[in-house]
Amino acid sequence: MHGALNNWHPTQPDRYQKSTEYLLNSLTYGWWLDEVYAFNDGDHVQFGNYEYDGDANAYLLQDPYPSIWPEGQNRARVTSAVITGIYQVSEDLTATGHPVIKQRARDLLQNPRINRIAEIGRSFAPVQAGPDRFTAADTFVLREGATTYVAAFNYGASSRTTDVALRDLGLGGGRYEVTELWTGQRGHATGRLQAAVPAEGVRVWAITKGRH
């Protein structure tokens with residue numbers, strides 16, 4: 001899976017359907033596969049945009065095409081794999097690798113709060129399916145012990161607000177503590193989870209029962 005959020009190519013979209021949204025379409029309708037297999041496979045993570053020669057050597061695309069996807073799209077790609085169940089990284093992180101990609105790896109693959117979800121190894125389920133079978137859901141949920149995790153994606157070019165009733169996440173009444181795991185930002189929710197999701201990006205929250 002490459003690092004693009006959606007099927008970006010202006011003339012050959014079918015060549016580039018291994019996008020974050022493409023994977024999340026699979027998760028939307030196949031999240032239950034982690035009940036069949038030990039792990040539901042989120043495939044490998046790439047931050048760059050590659051072409052391949054006849055010997056399967058990978059080369060970053062050059063202008064006019066993007067060579068490295070924006071950080072928000074990379075963050076969404078990592079998150080999509082994490083909430084599917086298991087993932088692997090497919091990048092050159094050696095001394096000869098691209099310095100931006102190596103920095104992205106340092107920033108995005110070493111967040112202990114996000115990696116804790118990957119260690120659980122379970123698939124998130126969609127809060128609500130997409131409007132049709134070709135469209136991915138944008139919000140996914142997993143309950144693990146006393147913590148409910150919610151991942152909200154934004155496939156669009158403008159910021160959006162996620163607004164989900166806590167009962168739709170399997171939660172009861174009362175006040176809940178909410179932590180966004182990429183930023184560490186803390187807040188609370190009563191009745192509904194309402195929060196901004198950046199354009200072409202993602203937010204992941206851990207929700208626990210508040211103290212009285």
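Keep in mind the model is a prediction, meaning the values are calculated, not measured.
- In this structure, I117 and L181 have side chains that are in contact, with non-hydrogen atoms separated by less than 4.5 Å.
- No hydrogens or angles considered: nothing links the side chains of T190 and R175 as a donor-acceptor pair under 3.5 Å.
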Walk me through it: do I83 and L24 pass the test side chain to side chain contact (heavy atoms under 4.5 Å, CB included)?
CA-CA 9 Å; I83 70 170; L24 291 173; 4.1 Å; yes

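- Annotation: side chain of N154 is not in contact with side chain of D138 (no heavy-atom distance under 4.5 Å).
- Under a 3.5 Å cut-off, the side chain of S123 and the backbone N or O of T84 do form a donor-acceptor pair.
- The distance from the OG1 atom of T148 to the CG atom of L142 is 8.0 Å, given to the nearest 0.5 Å.
- More than 12 heavy atoms of other residues, nucleotides or ligands lie within 6.0 Å of CZ in R192, so this atom counts as buried by the packing criterion.
- Residue N49 holds its CG atom at 4.5 Å from CG of L61, rounded to the nearest 0.5 Å.
- Closest approach of R160 to A152, counting heavy atoms only: NH2-CB, 3.8 Å.
- The backbone N or O of D55 sits less than 3.5 Å from a side-chain atom of D53, completing a donor-acceptor pair.
- When all heavy atoms of W31 and P126 are compared, the pair lying nearest together is CD1-CD, 3.3 Å.
- Between G174 and Y176, the shortest heavy-atom contact is O-CD1, 3.5 Å.
- More than 12 heavy atoms of other residues, nucleotides or ligands lie within 6.0 Å of OH in Y29, so this atom counts as buried by the packing criterion.
- Here the CD atom belonging to E21 is positioned 13.0 Å from the CZ atom belonging to R77, to the nearest 0.5 angstrom.
- How far CD1 of I207 is from CG of L169: 5.5 Å, rounded to the nearest 0.5 Å.
- Ring geometry for F124 against Y149 counts as tilted: the plane angle lies between 30° and 60°, on a 0 to 90° scale.
- L27 places none of its side-chain heavy atoms less than 4.5 Å from the side chain of S80.
- A distance-only check finds no donor-acceptor pair linking the side chain of E200 to the backbone of Q73 [under 3.5 Å].
- At a threshold of 4.5 Å between side-chain heavy atoms, the hydrophobic network of Ile, Leu, Val, Met, Phe, Trp and Tyr places V127 and L193 in one connected group.
- Considering every non-hydrogen atom in both Q46 and N74, the closest pair reads O-ND2, 4.4 Å.
- The shortest side-chain heavy-atom distance between T162 and R203 does not fall under the 4.5 Å cut-off.
- Evaluated for a side chain to side chain contact (heavy atoms under 4.5 Å, CB included) with R104, the options I68, V78, L109 yield exactly one hit, I68.
- Side-chain contact between T79 and F140: absent, with no pair of heavy atoms (C-beta onward) separated by less than 4.5 Å.
- No more than 12 heavy atoms of other residues, nucleotides or ligands lie within 6.0 Å of CD in Q185, so this atom counts as exposed by the packing criterion.
- One hydrophobic cluster holds both V141 and V197 under the rule that ILVMFWY side chains link at heavy-atom gaps under 4.5 Å.
- Annotation: side chain of V164 is not in contact with side chain of V150 (no heavy-atom distance under 4.5 Å).
- With sequence neighbours excluded, no residue satisfies salt bridge (Lys or Arg N to Asp or Glu O under 4.0 Å) with D34.
- Contact detail for Y155 and A136: the closest heavy-atom pair is OH-CB, 3.5 Å.
- The shortest side-chain heavy-atom distance between F47 and K102 does not fall under the 4.5 Å cut-off.
- Remark: Q194 CD is packed, more than 12 non-hydrogen atoms of other residues, nucleotides or ligands lying under 6.0 Å away.
- One distance of note links OG of S26 with CG of D41; it measures 10.0 Å at 0.5 Å rounding.
- No side-chain heavy atom of I101 sits under 4.5 Å from any side-chain heavy atom of D92.
- The hydrophobic clustering, which links ILVMFWY residues whose side-chain heavy atoms are closer than 4.5 Å, places L93 and Y59 apart.
- L60 and G48 make their closest contact through CD2-CA, 3.8 Å (heavy atoms, listed as atom of the first residue, atom of the second, distance).
- Note: the hydrophobic cluster containing V204 also contains Y87 (ILVMFWY, side chain heavy atoms under 4.5 Å, direct or indirect links).
- One hydrophobic cluster, built from ILVMFWY side chains closer than 4.5 Å, cannot hold both W205 and L108; they sit in different ones.
- Cation-pi check for R75 over W182 is met; the charged atom lies under 6.0 angstrom from the ring centroid and within 45 degrees of its normal.
- Taking CD from E35 and CZ from R122, the interatomic distance works out to 7.0 Å, rounded to the nearest 0.5 Å.
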